[in-house]
A.B. asks: 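Take this structure, written in structure tokens, and hold onto it; I'll ask about it next.
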2 protein chains.
Amino acid sequence: MSDSALWTALADPHRRAVVALLLERSRPVGEIAEACGLSQPSASKHLKVLREAGIVRVRQDAQRRVYALDPAPIAALDAWLAPYRRLWNRSLDALGRRLDEAPDDSTEPSTPKD
Amino acid sequence: MSDSALWTALADPHRRAVVALLLERSRPVGEIAEACGLSQPSASKHLKVLREAGIVRVRQDAQRRVYALDPAPIAALDAWLAPYRRLWNRSLDALGRRLDEAPDDSTEPSTPKD
DNA sequence: CGGTTATATGCCCGTCAAGGAATATTGGAA
DNA sequence: TTCCAATATTCCTTGACGGGCATATAACCG
């Protein structure tokens, strides 16, 4: 959970794919593995990394382990990003762009790129 | 620059330290190395990774190479984050918090954590 | 040109993360 | 209890990464 764990967890493309998938909805390991083209053991390992980074949490449903996103760590990422946002906001301002007035859910619904 | 390069570049704590340092102001390699407690070769190598990820750009000043942050990739990170922001905004909403009305530069000036 | 400063590169090595296959574990069903 | 489904864990091998050191490169100065 050491913040560094957060970065290393998200450094892996497969894990980012898993995270993107879980944004849509919570899923058991099998589904995750299939959707991301991972072997079951590989999926379990990646989920372990994400779990230890605090990015996902598990709920046990019979033999299934249903994984879900935990918002907090991603929020931490956003906080890390904040100082830099000032930087590129300056760049956008230089172009005369103003997007800040957009409403709360101005972004596309679910599927993120990558 | 393959977006994956962005993540792997920022996955290293030293490189995040360099990035944080450059947020303050542009610096030549020597200064970066000293400030981050890196050997000169190590600093050069890390800067190379950051450069190839598009995170920093170089300006040559005599024998010096002055490195500066490039806002774009960090903006890309922010874009990646956007869909998730909806998620944890929901969490905050559940707490009845409303921070969206904060002005443009509502965040702390410079030095980020980590 | 020779020397010096600033930076980049190449090499070697230890470490660590990831994938694959097999196996252990746990919960449920017969 | 015995079998089955879902998931976790272990072992092994391989490849990428980072550090330290020496060295190459490039720009300035005399």
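Both backbone and side-chain heavy atoms feed into the values below; hydrogens, waters and symmetry mates do not.
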A.B. asks: In whole angstrom, what separates B:Leu47's CG from D:dC17's C1'?
C.D. replies: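 Spelled out: CG on B:Leu47 to C1' on D:dC17 is 16 Å.
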A.B. asks: Without decimals, in angstroms, what is the distance between A:Asp12 CG and C:dC16 C1'?
C.D. replies: 14 Å
A.B. asks: From C-beta outward on B:Arg64, which listed nucleotide comes closest to its side chain: C:dA8, C:dA6, D:dT7?
C.D. replies: C:dA6
A.B. asks: To the nearest angstrom, how far is A:Lys45 atom NZ from C:dG19 atom P?
C.D. replies: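 Distance check: A:Lys45 NZ to C:dG19 P gives 8 Å.
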A.B. asks: In whole Å, I'd like the distance from the CZ atom of A:Arg51 to the C1' atom of D:dT7.
C.D. replies: 10 Å
A.B. asks: Salt bridge between A:Glu34 and A:Arg27, side-chain N to carboxylate O under 4.0 Å?
C.D. replies: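 A salt bridge is absent here (no side-chain N lies under 4.0 Å from a carboxylate O).
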A.B. asks: Take the angle between the ring planes of A:Trp7 and A:Trp80 and call it parallel below 30°, perpendicular above 60°, tilted in between.
C.D. replies: perpendicular
A.B. asks: Counting N and O atoms only, with roles assigned by atom type, does the side chain of A:Ser42 sit under 3.5 Å from a partner on the main chain of A:Ser39, one being a donor and the other an acceptor?
C.D. replies: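 Checking the backbone N and O of A:Ser39 against the side chain of A:Ser42, no donor-acceptor pair under 3.5 Å is found.
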A.B. asks: Please state how far atom CH2 in A:Trp7 lies from atom P in C:dA17, giving the value in whole angstrom units.
C.D. replies: 18 Å
A.B. asks: Without decimals, in angstroms, what is the distance between A:Lys48 NZ and D:dT7 C1'?
C.D. replies: 13 Å
A.B. asks: With the 4.5 Å side-chain cut-off for hydrophobic clustering, are A:Val29 and A:Ile55 part of the same group?
C.D. replies: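 A:Val29 and A:Ile55: one cluster.
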A.B. asks: With the criterion being N/O to N/O and under 3.5 Å, what pairs connect the protein with nucleotides 22-29 of chain D, and how long is each?
C.D. replies:
from	atom 1	to	atom 2	distance (Å)
D:dC28	O4'	B:Gln63	NE2	3.4

A.B. asks: Please confirm whether the shortest side-chain N or O distance from B:Tyr67 to OP1 or OP2 of C:dA6 is below 4.0 Å.
C.D. replies: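 For C:dA6, neither OP1 nor OP2 has a side-chain N or O of B:Tyr67 closer than 4.0 Å.
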A.B. asks: Taking only side-chain N and O atoms of B:Ser42, does any of them lie within less than 4.0 angstrom of OP1 or OP2 on D:dG18?
C.D. replies: no
A.B. asks: Using a strict threshold of under 4.0 Å (side-chain N to carboxylate O), is an ion pair present between A:Arg64 and A:Glu31?
C.D. replies: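 Here A:Glu31 does not pair with A:Arg64 in a salt bridge, since their nearest N and O are not under 4.0 Å apart.
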A.B. asks: Hey, any chance A:Leu6 and A:Leu69 share a hydrophobic cluster, counting ILVMFWY side chains that come within less than 4.5 Å of each other, even indirectly?
C.D. replies: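 As far as the 4.5 Å side-chain criterion goes, A:Leu69 and A:Leu6 are connected within one cluster.
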A.B. asks: Nearest of C:dA8, D:dT7, D:dG19 to any side-chain atom of B:His46?
C.D. replies: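 The answer is D:dG19.
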A.B. asks: For the side chain of A:Arg15 and the backbone of A:Leu50, is there at least one donor-acceptor N/O pair under 3.5 Å apart?
C.D. replies: no
A.B. asks: Quick one: A:Glu52 CD to C:dA18 P, roughly how many Å, whole number?
C.D. replies: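 The answer, rounded to whole Å, is 12 Å.
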A.B. asks: Please classify the nucleic acid contact of A:Ser44 as base, sugar-phosphate, or nothing, using heavy-atom distances under 4.0 Å.
C.D. replies: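 If one applies the 4.0 Å heavy-atom cut-off, A:Ser44 turns out to touch a base.
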A.B. asks: Using atom CZ of B:Arg59 as one end and atom P of C:dT7 as the other, report the distance to the nearest whole Å.
C.D. replies: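 Value for this atom pair: 12 Å.
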